[in-house]
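Worksheet for the structure shown next.
Residue numbers begin at 1 in each chain, while the letters A, B, ... track the order of the sequences.
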There are 2 protein chains.
Amino acid sequence: MASSAPATPPAPPPARRRGPRTRAELLDAAERVVLRDGPAASMNAIAAEAGITKPILYRHFGDKAGLYVALADRHIETLLERLRAALTRPGTRRERTEAAIDAWLRLVEGSPALYRFLVHRGQAEEPQVRDRVAVFQRRLGDALAAGIAAELALPEPQWPRAQAWAHGIVGMVQAASDWWLDARPFDRAALTRHLADLIDGAYGRA
Amino acid sequence: MASSAPATPPAPPPARRRGPRTRAELLDAAERVVLRDGPAASMNAIAAEAGITKPILYRHFGDKAGLYVALADRHIETLLERLRAALTRPGTRRERTEAAIDAWLRLVEGSPALYRFLVHRGQAEEPQVRDRVAVFQRRLGDALAAGIAAELALPEPQWPRAQAWAHGIVGMVQAASDWWLDARPFDRAALTRHLADLIDGAYGRA
DNA sequence: GACAGAAGTTACCGCCGGTAACACACTAGC
DNA sequence: GCTAGTGTGTTACCGGCGGTAACTTCTGTC
């Protein structure tokens with residue numbers, strides 16, 4: 001980036017870049033703002049952070065929902081992949097359960113703001129944003145339902161039951177995460193154990 | 001509400017009422033609009049439905065968050081009372097579990113729009129609205145934690161575990177409700193059974 | 001009848017998401 | 001060298017939102 005590049009203009013005036021921003025750069029900026037200001041971040045603020053103005057954002061993402069979906073998609077696939085890996089790894093069922101919960105809780109603990117954005121404020125005011133981003137939780141539930149059906153070798157007629165359990169478990173981990181993030185009465189490993197216990201039937205046996 | 005009240009003025013001119021609206025009347029109107037237009041209902045629309053203008057709403061409720069909290073409070077107490085009754089009724093633990101889940105699902109099935117407002121769009125865009133109305137789920141969890149601690153006769157050191165379970169179970173029922181509302185693969189009683197099975201440890205035994 | 005005070009109004013503020021219309025840089029072709 | 005075209009960027013605007021200030025109108029009381 002010094003002053004020696006011959007073919008390209010040496011260094012654009014610092015205040016104003018001319019070349020096109022890549023989609024990734026825009027998303028980086030948007031993510032910074034969302035993580036700083038929360039999901040109520042305005043398009044103006046995001047544009048300013050990216051060093052551009054609003055209409056460019058709209059040219060790239062269509063509307064705010066589009067930007068949020070793009071933002072969420074960058075992380076959802078990663079998390080889903082980790083969950084699938086946890087659900088199919090060798091070992092005992094209990095180990096798979098704990099591994100899946102732990103994958104989730106690592107995200108929650110590592111980036112609470114990102115977590116909140118993904119699972120909560122994705123559900124924003126507008127129905128469009130809500131419906132398109134609520135897919136997140138739905139996809140988690142579907143993936144888990146497949147995992148449960150495989151784990152228990154359920155026949156097809158029992159799949160709806162597995163789905164109910166799966167979506168319930170996703171909500172369970174999510175709600176427990178929310179509560180735990182605020183209260184923090186114990187560490188992550190303990191929460192993993194408690195939730196795995198509950199799924200394992202510790203309440204029923206108690 | 002008939003026409004026989006003698007002490008109060010018999011019937012105000014229909015087009016324009018002069019006397020002060022009661023808080024309950026305002027909340028009735030707000031509820032109608034919220035259930036019709038969803039939680040993104042504007043203060044203008046609510047005021048129009050009530051036959052007044054915006055500043056009056058603000059005089060009564062302070063801000064939008066205040067109105068939403070007042071709206072939610074009218075139903076939260078009812079639901080909490082039903083849940084407490086279910087959790088303390090005589091019979092087997094399984095019966096209490098099913099009764100509590102059923103109390104929730106009856107609300108979900110009976111007034112899906114109201115349910116969505118309470119548990120989802122209470123979490124609106126503004127942090128103030130979110131924080132004050134998210135208390136809803138928190139209160140449910142706390143009530144359930146007390147119920148679990150009593151049910152299992154847990155000593156105080158084990159309360160955090162009961163809390164984790166309780167908040168998890170609340171999220172579980174809520175997420176399963178959401179999924180069920182859209183998919184409806186079986187009836188309410190079946191969902192009640194599936195969820196009670198899960199809490200009872202059916203997955204662990206399977 | 002005068003008056004305090006509540007009830008209700010109009011008119012405004014700043015900000016939001018979203019868009020139209022215009023300005024500037026670069027490249028291509030002649 | 002000049003023009004045309006394309007894409008990048010801008011400024012300036014729209015309607016509607018939550019929220020408020022200031023004014024008017026009605027009602028009850030002495």
Query - First of A:Lys54 and A:Arg59 reached from the 5' end of DNA chain D, by closest nucleotide - result: A:Arg59
Query raised in the report: Does any N or O in the side chain of A:Thr22 come within less than 3.5 Å of the main-chain N or O of A:Glu25, such that one atom is a donor and the other an acceptor?
Result: yes
Query raised in the report: When you measure from the side chain of B:Trp165 to the backbone N and O of A:His194, does any donor-acceptor pair fall under 3.5 Å?
Result: yes
**Report entry** Set of ring-ring contact (aromatic ring centres under 6.0 Å, His included) partners for A:His60, sequence neighbours left out
**Finding:** none
Report summary line: Taken in chain and number order and not counting sequence neighbours, the residues that satisfy ring-ring contact (aromatic ring centres under 6.0 Å, His included) with B:Tyr115 are B:Trp104
Could you tell me the separation between the [atom1] atom of [X] and the [atom2] atom of [N], rounded to a whole number of Å?
X       : N      : atom1 : atom2 : value
A:His60 : D:dG7  : NE2   : P     : 13 Å
B:Tyr58 : D:dC17 : OH    : P     : 11 Å
B:Phe61 : D:dG18 : CZ    : P     : 15 Å
B:Leu57 : C:dT10 : CG    : C1'   : 16 Å
B:Met43 : C:dC16 : CE    : P     : 19 Å
B:Asn44 : C:dT9  : CG    : P     : 12 Å
A:Ile52 : D:dG7  : CD1   : P     : 18 Å
B:Lys64 : D:dG19 : NZ    : P     : 8 Å

Report summary line: Residue set satisfying side-chain contact (heavy atoms from CB on, under 4.5 Å) with A:Val34, at least two apart, ordered chain then number -> A:Ala41, A:Tyr68, A:Leu71, A:Phe117
Query - Dot-bracket encoding per residue of DNA chain C, Watson-Crick/G-U cut-off under 3.5 Å, | denoting interstrand - result: ||||||||||||||||||||||||||||||
Query raised in the report: Is B:Thr53 near enough to C:dG8 that one of its side-chain N or O atoms lies under 4.0 angstrom from OP1 or OP2?
Result: no
Report task. Ignoring backbone atoms, establish whether A:Ser42 has a side-chain N or O less than 4.0 Å from OP1 or OP2 of C:dC16. Result -> yes
Query raised in the report: Taking only residues at least two apart or on different chains, which pairs with a member in residues 160-176 of chain B satisfy salt bridge (charged side-chain N to carboxylate O under 4.0 Å, His left out)?
Result: A:Asp197-B:Arg161
Report task. Classify the nucleic acid contact of A:Ile56 as base, sugar-phosphate or nothing, counting any heavy atom under 4.0 Å across all strands shown. Result -> base
Query raised in the report: Got a sec, which pairs hit side chain to side chain donor-acceptor pair (under 3.5 Å) with one end in residues 28-39 of chain A, sequence neighbours left out?
Result: A:Asp28-A:Arg74, A:Glu31-A:Arg74, A:Glu31-A:His75, A:Arg32-A:Glu49, A:Arg36-A:Glu49
